[in-house]
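One-based numbering, in listed order, for ligands and for the atoms of each. Values in this document were obtained by computation on a predicted structure and should not be read as measured data.
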Amino acid sequence: MKFLLDTFSPEAVRNTLEYFPIEGVTTNPAIICREHAPLKPVLLELRELLAGKMLHVQTLQTTADDMIKEAIALKNLLSRTEGDFFVKLPAVKEGLKACRELKQLGVGVTMTAVFSPAQALICARAGADFVAPYVNKLDDAGDGENCVSETVKLFGIFGLKTKVLSASFRNVSQVRRIALSGSHYITLPAAFYEKLISHPMTEMAIEGFKNDWNTEYGNKLPLDML
Ligand code: E4P
């Protein structure tokens, strides 16, 4: 499973890229609004920060024709190399129509707000590069893990190339379960990456190594002794 960052904050992108193996950034209208920032300059800044990594940006349009227009404008603004831009379209009828046409035009598509394996399957057949099930929202209403594992299984049965990009997480346990379900990608907010790597036992182990070393060699570091 590969990791993406769910954000519209250039600072979060800078900080997270420095430490974590991130394949790109996803965003959505709610995340954009939370930053209270101007759209175009921040999108361009994200593009520069990410270099050739993936950037997924959602359209707010509701008809296929308008989705296509917005997707092309976004791609023209934000794509520099093959596979570095994906427009996010909602998993509805108009989104499916737009997906099929955009794929003919060579635009990458992520179908988002997916809540069932059946939705995911039809989106994949429409040519979507990614489908994004909302795990925590599904957990609230039922079972996010089941949706992801059945979707992965269906894509395998039918040999579909579409990748599952799971979104909407609240805890590390959900991440573990979704990884075991075979999700190809997940997207998480920046703070989540700290939670993934942190463990109190790791801190205790490091303290133990330091104490043993100090007892034997005092303040001398291995580097001083090489
Ligand atoms: C998808 O674009 C987002 O990752 C998703 O909406 C986040 O879901 P949340 O609002 O449950 O965090």
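- Put simply, the side chain of Gln174 gets close to the backbone of Asn171: a donor and an acceptor are under 3.5 Å apart.
- Atom 10 (O) of ligand 1 has as its closest protein heavy atom Lys137 NZ, 2.7 Å.
- Shown in contact with Asn28 at under 4.0 Å from a heavy atom are these atoms of ligand 1, numbered in order with element: 1 (C), 2 (O), 3 (C), 5 (C), 6 (O).
- Less than 6.0 angstrom separates the ring centroid of Tyr185 from the ring centroid of Phe130.
- Judged by distance alone, with hydrogens and angles left aside, the side-chain atoms of Lys53 form a donor-acceptor pair with the main-chain N or O of Ile22 at under 3.5 Å.
- Ser181 contributes no side-chain N or O that, together with a main-chain N or O of Ser183, makes up a donor-acceptor pair within less than 3.5 Å.
- Listed for the Thr26 side chain is no donor-acceptor partner under 3.5 Å among the backbone atoms of Thr187.
- The shortest N or O to N or O distance between Ser168 and ligand 1 is below 3.5 Å.
- Neither the backbone nor the side chain of Phe169 comes within contact range of ligand 1; no heavy atom lies under 4.0 Å.
- Not a single N or O atom of Gln58, backbone or side chain, sits closer than 3.5 Å to an N or O atom of ligand 1.
- Between Asp66 and Lys69 there is a salt bridge, since at least one side-chain N of the basic residue sits less than 4.0 Å from a carboxylate O of the acidic one.
- When each atom of ligand 1 is checked for a heavy atom of Asp6 under 4.0 Å away, the hits are 3 (C), 4 (O).
- At under 3.5 Å, a nitrogen or oxygen of Arg170, whether backbone or side chain, sits near a nitrogen or oxygen of ligand 1.
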